Amino acid sequence: MALKTPEEFVRSLADLHLQIYLFGEKIDDYVNHPLIRPSINCIATTYELAALPEYEDLMLATSHLTGKKVNRFAHIHQSTEDLSKKVKMQRLLGQKTGSCFQRCVGMDAINALYSVTWELDQARGTDYHERFKKYVQYLQDEDLVADGAMTDPKGDRSLPPHKQPEPDVYVHVVEKRDDGIVVRGAKAHQTGACNSHEIIVMPTVAMREGDEDFAVSFSCPANAEGVYYIYGRQSCDTRKFEDSDLDVGNVRYGGQEALMVFDDVFVPWERVYMCGEIEFSGALVERFAGFHRQSYGGCKVGVGDVLIGAAALAAEYNGAARASHIKDKLIEMTHLNETLFSCGLACSYEGVRMPAGNYQIDLLLANVCKQNVTRFPYEIARLAEDIAGGLMVTMPSAQDLADEKIGPIVEKFLVGTCDAPTIDRMRVLRLIENLTIGAGAVGYRTESMHGAGSPQAQRIMIARQSNLDHKKELAKAIAQVGKPWDKARVKEPTAVAR
Amino acid sequence: MKVVYCGGCNPQIDREALAAGLPVDDPAVPEGSTVHLSGCPRACASGHRLVVEEGEQAGAGAGGASAGQDGPPVVVVAGELVDGVQTPSPELAQTVTRKLKE
């Protein structure tokens, strides 16, 4: 099958008839729902750009399974060049949408599972890898969106999965049959789940003895019987009901998260990629998190580009663009943003080919990348708010601007530089509001903090790989630790280090 | 037997000690065998590969070696990984030796 067009993607999503609940109601026409449609537009953009020759180099890749051109989101990385192109593609899409475009989790899931299933088979004599390769080819051939679902609700964090008073807070196997397994539980904060054709489930933590039923990985159609979604709220989300292209800030695009529930879902064996092999759950978590932490060095940078541009425009409209402190703040924002990009690229260029044949990023540098992402977007946002000024949060509404009596007054008093229309100044300030404290801040700020693992998760990984003993040896050698000290030489005026 | 080193910028293992423990003059090791010895999992000595496949050229210039079906063995050490398999530091030399003699 050929690559899908954006229109074909939207139609295929509608045809799934997903079970989506929002504000206590089941939403049947979700592809046209004002709260949901902007997030669908984001994924549609991943199809749209893939069809344009000027973006093909980043958006498409050659499948190692079929030799055909496939969307990079369904590709298994075959080189460090593939890894770096992934980051560049993510930056591009962040620039085009000013939002989380949601398709990365599936790409990161298939790349993590690819090597883990191979290693699992080597150790256990299973055939998970062959099953999984067939599944990847299906995703590629049909040009499908897959959601990589890892985060369980987790309940009491002090208890392992099998000791939870409510076992369903971790997805687990409740029945094994000759033809497959039955699973129950939920995955939380699922970015793009309601925009996906397929769901790929992975365990959320390294499992221990007793957790065998929770060490489960599988895929299922997003509309499988027993799967339903409870749509998550976002800051300022009901502005999307106001039918205004001004107050939302980013009217065309937006992110999406949902609580995804598995209510006794049957999964045939050919869609199961781990079932009880607790010793491989940790590697899967680590590799998925590593790929996803690399992703943030691309996607958030692209959104950062939009925010920096908006701040620069706000400065121009305010007539402050030539002030030295404004210029310096824009330089600082750029410096922070490009530092994130550098980390995303660095962990790509230092990637290695796994025994399974695919390429994996450098885990230490990917964790450093994401640790910076938990901080720098906040500082970039702070500087954008500084440059924008207080009007960003005190500005009258689109209805006021449109009002026959009040509108001209708003226009008169909100004018900036004479050559910029007031409406443009308002649009840019609303965009900055969207990204810093509005619906877009879900993706740009809090997702930067907690997505792909909260800061402490990265610090644990950094600590594990910091190679501190080597550093101590370097310091000892330079400081000459352990060398006998001859006090008498201190008195010799000609004594020099040898 | 040839040992190809990485540059050694951030070694997680003692490369020199490991090399000293390898069976350099052991007649049981096929002539032309190669060990790509990287200090960390970035595997620079083997061109960022954790395993060198059959018929594949790994490493740069004179350090390169290719694995062949009937050719001499090629083993990749990258930190505590031997051909991609986690191996504790004290067991590295023994594991590499076993693979060279297989």
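Computed from a predicted structure; not experimentally measured. Numbers restart at 1 for each chain; the letters A, B, ... are given by sequence-line order, proteins then strands.
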Engineer: What do you reckon, is CD of B:Q94 surrounded by more than 12 foreign heavy atoms closer than 6.0 Å?
Structural biologist: no

Engineer: At under 4.5 Å between heavy atoms, what parts of residues 8-25 of chain B are in contact with chain A? List them by residue number.
Structural biologist: B:C9, B:N10, B:P11, B:Q12

Engineer: Could you walk me through whether A:D362 and B:H48 satisfy the side chain to side chain contact (heavy atoms under 4.5 Å, CB included) test, starting with their C-alpha distance in whole Å, then the side-chain angles of each, then the deciding distance to 0.1 Å, before giving a yes or no?
Structural biologist: CA-CA 10 Å; A:D362 180 77; B:H48 296 286; over 6 Å; no

Engineer: Does B:E102 have more than 12 heavy atoms from other residues, nucleotides or ligands lying within 6.0 Å of its CD?
Structural biologist: yes

Engineer: When you look at CZ of A:R208, are more than 12 heavy atoms from neighbouring residues, nucleotides or ligands closer to it than 6.0 Å?
Structural biologist: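 No, not enclosed.
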
Engineer: Which heavy atom of B:G84 sits nearest a heavy atom of A:P355, and at what distance?
Structural biologist: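 Shortest heavy-atom separation between B:G84 and A:P355 comes out as CA-CG, 3.7 Å.
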
Engineer: Which atoms form the tightest heavy-atom contact between A:V352 and B:P41, and what is the distance?
Structural biologist: CG1-O, 3.0 Å

Engineer: Within a 6.0 Å radius of atom CD on B:Q86, are there more than 12 heavy atoms belonging to other residues, nucleotides or ligands?
Structural biologist: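 Yes - once you tally the heavy atoms of other residues, nucleotides and ligands closer than 6.0 Å, there are more than 12.
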
Engineer: Other residues, nucleotides and ligands only: do more than 12 of their heavy atoms fall within 6.0 Å of NZ on A:K134?
Structural biologist: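 It does not: A:K134 NZ has 12 such atoms or fewer within range.
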
Engineer: Is A:L474 close to chain B through its backbone or its side chain, or both, or neither, when contacts mean heavy atoms under 4.5 Å?
Structural biologist: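 Contact with chain B: none, neither part.
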
Engineer: Are there more than 12 heavy atoms of other residues, nucleotides or ligands under 6.0 Å from atom CZ of A:R459?
Structural biologist: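 Counting other residues, nucleotides and ligands, CZ of A:R459 stays at 12 neighbours or fewer.
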
Engineer: Near A:L468 CG, under 6.0 Å, is it more than 12 heavy atoms from other residues, nucleotides or ligands?
Structural biologist: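 Yes, CG of A:L468 has more than 12 neighbouring heavy atoms, counting only those of other groups under 6.0 Å.
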
Engineer: Quick one: which of A:H470, A:Q122, A:E473, A:Q360 has the most heavy-atom pairs under 4.5 Å with chain B, could you say?
Structural biologist: A:H470

